[in-house]
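Each ligand, and each atom within it, is numbered from 1 in the order the structure gives. In this text, all values refer to a predicted model and were calculated from it rather than measured experimentally. Scope of the values below: all heavy atoms of this structure, side chains included, with no hydrogens, waters or symmetry mates. Here, residue 1 is the first one in the sequence, and each next residue gets the next number.
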Amino acid sequence: MRGQSEAFPLDEASICLALDAPTAEDPIRIRELLAKAREMKGLDDRDLPPLMALRDPDLLHELFDTAHWVKAQIYGNRIVMFAPLYVSNLCENECLYCAFRVSNRELPRRVLDQDEIAAEVSHLLAQGHKRLVLVAGEANPKEGLDYILSAIRTVYDARHGSDNIRRVNVNIAPLDVDDFRRLKDAEIGTYQLFQETYHRETYGQMHVRGRKADFDWRLGSMSRAMLAGIDDVGIGALFGLYDWRFELLAIMHHARHLEERFGCGPHTISVPRIEPAEGSTLSETPPHAVTDADFRKLIAILRLAVPYTGLILSTRERPEVRREALRLGISQISAGSRTNPGGYEDDSRDGGTQFSLGDHRGLDEVVHDLAKTGFIPSFCTSCYRMGRTGADFMDLAKPGEIKAHCHPNALATLQEYMDDHASPATLRAAKQLLVESLEDMDGHARALAEGMVARVKEGERDVFC
Ligand code: SAM
Ligand code: SF4
């Protein structure tokens, strides 16, 4: 049913017009925008360019403070943890920035079989992960989508002791509506796909071969996924291909389109920056590399513009960038990642990676760092399993009620991590954080959290509300 698609009418001209509008640094206007952002109802297109153009250190400081405040109101100090699971680096596309592209003949190729996938999952479970994103190149091996569906089943079925993966998100090439339905039936969490760049001409230059060269096919992917009933979708752009300000506005347009058309915007937005990839000169010097200073701005503005949408940062970034990004708005991070199929089982084998990582720390080190800096690492997968997805999640999230669930769930999963996986140093830091977090809570939520944590301490697992 290839023809069954819905275009997302991206209006490049209106984005360019908004970006071309004069943006003198007017402190009064900026403070009006920041006051509007504190109402936590999001920002409009025309609000973004003045914020994107900010240079004045004091005003920038106010922007970052506002983003931090909004983040704290909605997400508290919780950070959701996940890991990528690369199952295949076989690919028929030619994306100039990626090591998996078809013309990279030097790259060792590997498609994990189901036993190898189970072995990878076992390693991730041993570290303490509960939530994965399954990643693959776009190739047409014999089994096609069937291979991915078997892989998802293998992940859910894998056990390490009594541990299991509770949510599998997927980041695979886009499908037609019928195949998206099959993906939904496999009980995936979020379907993630990055447009890479929303700028049509640049897209054409960067994707020169294969199915992915079709800009419109990619642009309509999330609409097809939602038509198929997948209501948690994750969008994003690969920052560095084109002007980040254009991408940001286009992401906003995309989010708004999904909300208007399907009654629910994206569950998450990812903000990957291009990292050096083997055999890709373009990835060494991206055409529109985003500086750390602009990256901070970009995250803070997104936080204000779409306050209730999860923001994801991966281990592409260095630890110091990640720490700052957490303050500014990131709500989910990966940890202990490998970007080569089989990389968890055979740590020594680093051939076949998609790109080099900025953060090489294992999960325990990241959890330790988070706990020491006052962030609660959360392994919670409750919403998805309680049916709080799509518009239902947004209905709960918008009035801020989700806090009543998320905080107790985060603490219960942290207690699980402490009992089953933490090193002594992480255990000490996490214990202190847990006590302080409970003390900070009041009323019903505190009683609920204390009860759930106590059940975990007594040996119960997968306690959630
Ligand atoms: N093959 C599918 C696709 O391209 O949509 C899904 C998996 S692909 C491995 C996942 C993402 O990796 C891509 O969407 C792209 O944004 C990102 N990526 C590719 N090369 C990268 C690089 N050099 N640095 C950072 N991210 C990269
Ligand atoms: Fe293949 Fe995806 Fe890499 Fe492009 S980004 S070469 S489609 S794996």
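Within ligand 1, the atoms closer than 4.0 Å to a non-hydrogen atom of A277 are 23 (N), numbered from 1 in the order shown. Within ligand 1, counting atoms from 1 as listed, the ones closer than 4.0 Å to a heavy atom of L238 are 16 (O), 25 (C), 26 (N), 27 (C). Of all the atoms in ligand 1, the ones that sit under 4.0 Å from a non-hydrogen atom of V135 are 7 (C), 9 (C).
Relative to the ring axis of Y203, R218 does not place its NZ or CZ within 45° and under 6.0 Å from the centre. At least one test fails for R303 against the ring of W69: distance under 6.0 Å to the centre or angle within 45° of the axis.
D294 has no carboxylate O lying under 4.0 Å from a charged side-chain N of R245, or vice versa, which leaves the two without a salt bridge. Under the 4.0 Å criterion applied to side-chain N and carboxylate O atoms, R166 and E416 are assigned as salt-bridge partners.
Inclusion of K212 in the set of residues having an N or O under 3.5 Å from an N or O of ligand 1 is warranted. Checked by distance only, ligand 1 and A173 stay at 3.5 Å or farther apart across all their nitrogen or oxygen atoms.
Between H199 and F246, the ring-plane angle classifies as perpendicular under the 30° and 60° cut-offs. Note on ring orientation: taking the six-membered ring where Trp is involved, the planes of H257 and F262 are perpendicular (angle over 60°, cut-offs 30° and 60°).
The nearest protein atom to atom 25 (C) of ligand 1, hydrogens excluded, is given as R316 NE, 3.0 Å; this is a heavy-atom distance. Nearest protein heavy-atom contact of atom 6 (C) of ligand 1 is N171 OD1, 3.2 Å. Among all non-hydrogen protein atoms, the one lying nearest atom 9 (C) of ligand 1 is Q354 NE2, 2.9 Å. Closest protein heavy atom to atom 14 (O) of ligand 1: E196 OE2, 2.6 Å. Looking only at heavy atoms of the protein, atom 21 (C) of ligand 1 is closest to F355 CD2, 3.7 Å. Closest to atom 2 (C) of ligand 1 among all protein heavy atoms lies A136 O, 3.6 Å.
Under 4.0 angstrom from ligand 1, the non-hydrogen atoms of L193 all belong to its side chain. For P272, no heavy-atom contact with ligand 1 is shorter than 4.0 Å.
Within 6.0 Å of atom CZ in R182, more than 12 heavy atoms from other residues, nucleotides or ligands are found, so the atom counts as buried in its surroundings. Surrounding NE2 of H360 are more than 12 heavy atoms belonging to other residues, nucleotides or ligands, all under 6.0 Å away. By the 6.0 Å contact criterion, CD on E284 is enclosed, its count of non-hydrogen atoms from other residues, nucleotides or ligands being greater than 12.
Under the 3.5 Å distance criterion, the side-chain polar atoms of H129 are matched with a main-chain donor or acceptor of A335.
Listed by chain and number, the protein atoms of type N/O/S under 2.8 Å from atom 1 (Fe) of ligand 2 are C91 SG; waters are omitted.
Under the rule for a salt bridge (charged side-chain N to carboxylate O under 4.0 Å, His left out), the partners of D45 that lie at least two apart in sequence or sit in another chain are R256.
Here atom 20 (N) of ligand 1 lies nearest to Y97 when heavy atoms of Y97, Y86, F100 are compared. Evaluated by nearest non-hydrogen atom to atom 24 (N) of ligand 1, the leading choice among E275, Q195, H207 is E275. The residue among E138, E278, R218, E92 with a heavy atom at the shortest distance from atom 5 (O) of ligand 1 is R218.
Exactly one of H207, R209, R101, K212 qualifies for a side chain to side chain donor-acceptor pair (under 3.5 Å) with E94. That residue is R101.
Taking the six-membered ring for Trp, F379 and Y417 have ring centres closer than 6.0 Å.
One side chain, E138 or N93, offers a donor N or O that lies under 3.5 Å from an acceptor on the other.
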